[in-house]
Amino acid sequence: MKVLNYGSLNVDYVYSVDHIIVGGETQHSSKMEIFSGGKGLNQSIALAKAGVPVYHAGIVGNDGDILLDACKEAGVNTKYIRRLPVKGGHTMIQVDKNAQNCIILYGGTNQMQTREFVDEVLADFGEGDYLILQNEINMLDYIIDQAYEKKMKIVMNPSPYDDKLNSCDLGKVYLFLVNEIEGEQITGCKDKDQILDAMAEKFPGARFVLTLGGDGAVYYDGKEKVFQDIFKVKAVDTTAAGDTFTGYFIASLIEGRSIQESLRIAAKASSIAVSRPGATPSIPTAEEVKKELGIE
Ligand code: RIB
């Protein structure tokens, strides 16, 4: 069984600000840092740091060295990462004094996937292999259809949620990881139980993880709900906390751990990420996570 994450790679330009800027305002930033990020890359790095071999597929631009270096450092396989001689995907992230962030995303090369490239990547994968997706690249509808034909297990983190996802056959997804906002966008429900019930009705046969920010996370497979609280920490930067949770949850499942233990490991990894600045640099190693939890 192989694990492929086909997703975004972004250079994150992170500005420390007093408060998230409002329309018409100009504000000094006390610090600017550049990190490797992107929902796709963050999740691949979380998987690799959790100890699961992962192939990342995607496209970087002429500013992509920092992203390839991050892959190499974490042990993410870069065989399916291509480079184009144009500006790559990047973000402008404000982080305020309460560690809240807001993100402007420029797709760049993340939005330049082609059928030919998708076919080339998926040719090396087949039945039972995992495919992890987020919503920061183009061609998602095609990728989902092709992977489903091949009987791959499709894991979908539909983030950031937008209308493009309406063209995707999400009925082909094996596991969804969504936050409350995405859950509401998909189902129209606000209450967490209603979101999960509506998702199970809409996508029978799938299983779901609903993350609830400070209120923890719930897993639901249409029959049983499993709850996990957060580990409280002093937040420094919440960027990539969700991606760390996603990567560690999938990695723990692949390692054969129970749902409860997988949620617990994901919550701990995510809490460590929140206590550190940046996207990929904030993601802890498996040793750190297991040591804090006192597990093997
Ligand atoms: O989920 C966090 C990520 O979202 C950041 O690293 C940024 O690149 C955006 O894609």
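Every heavy atom of this structure was used, including side-chain atoms; hydrogens, water molecules and symmetry mates were not. Keep in mind it's a predicted model, so treat the numbers as computed, not measured. Counting starts at 1 for both ligands and their atoms, following the listed order.
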Colleague: Using a 3.5 Å cut-off on N or O atoms only, is K39 in polar contact with ligand 1?
Modeller: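 Indeed, backbone or side chain, K39 has an N or O that close.
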Colleague: When you check the side-chain N and O atoms of S159 and N135, is any donor under 3.5 Å from an acceptor?
Modeller: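 No donor-acceptor contact under 3.5 Å links the two side chains.
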Colleague: Measuring from non-hydrogen atoms of G242 to any atom of ligand 1, is the shortest distance under 4.0 Å?
Modeller: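 G242 does not count as a contact of ligand 1 under the 4.0 Å cut-off.
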Colleague: Give the atom numbers and elements of ligand 1 that come within less than 4.0 Å of a heavy atom of A240.
Modeller: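 Atoms satisfying the 4.0 Å criterion: 2 (C).
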Colleague: Determine, step by step, whether Y130 and K2 satisfy the side chain to side chain contact (heavy atoms under 4.5 Å, CB included) criterion, reporting the C-alpha distance in whole Å, the side-chain angles of both residues, the deciding distance to 0.1 Å, and the verdict.
Modeller: CA-CA 6 Å; Y130 277 79; K2 293 191 280 191; over 6 Å; no
Colleague: So which heavy atom in the protein is nearest atom 10 (O) of ligand 1, and how far is it from that ligand atom?
Modeller: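 Ranking protein heavy atoms by distance from atom 10 (O) of ligand 1, first comes E136 OE2, 2.7 Å.
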Colleague: Can N101 and T239 be counted as having a side-chain donor-acceptor contact under 3.5 angstrom?
Modeller: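 N101 vs T239: donor-acceptor pair found between side chains.
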Colleague: Given side-chain hydrogen bond (donor to acceptor under 3.5 Å, both in side chains), test T285 with E288 step by step and report yes or no.
Modeller: CA-CA 5 Å; T285 61; E288 293 174 275; 3.2 Å; yes
Colleague: Any nitrogen or oxygen of G38 lying under 3.5 Å from a nitrogen or oxygen in ligand 1? Just yes or no.
Modeller: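 So ligand 1 has an N or O lying under 3.5 Å from an N or O of G38.
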Colleague: At under 4.0 Å between heavy atoms, is it the side chain or the backbone of N42 that contacts ligand 1, or both, or neither?
Modeller: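 The part of N42 near ligand 1 is the side chain, not the backbone.
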Colleague: Give me the residue, atom name and distance of the protein heavy atom closest to atom 2 (C) of ligand 1.
Modeller: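 So the nearest neighbour among protein heavy atoms is D243 OD2, 3.3 Å.
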Colleague: For ligand 1, which atoms have a heavy atom of A279 less than 4.0 angstrom away?
Modeller: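 This gives 6 (O) as the contact atoms.
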Colleague: Looking only at side chains, do S36 and T280 share a donor and an acceptor under 3.5 Å apart?
Modeller: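 Yes, a side-chain donor-acceptor pair sits under 3.5 Å.
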Colleague: Just which atoms of ligand 1 are under 4.0 Å from any heavy atom in G37?
Modeller: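 Heavy-atom distances to G37 below 4.0 Å select 6 (O), 8 (O).
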Colleague: Among protein heavy atoms, which lies nearest atom 6 (O) of ligand 1, and at what distance?
Modeller: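 Its nearest protein heavy-atom neighbour is D12 OD2, 2.6 Å.
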Colleague: Give a yes-or-no answer on whether the side chains of D119 and Y142 include a donor-acceptor pair shorter than 3.5 Å.
Modeller: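 Checked: D119/Y142 side chains pair up, N/O donor to acceptor below 3.5 Å.
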Colleague: Please test Y6 against Y55 for ring-ring contact (aromatic ring centres under 6.0 Å, His included), starting from the C-alpha separation and ending with a verdict.
Modeller: CA-CA 8 Å; Y6 199 145; Y55 294 88; over 10 Å; no
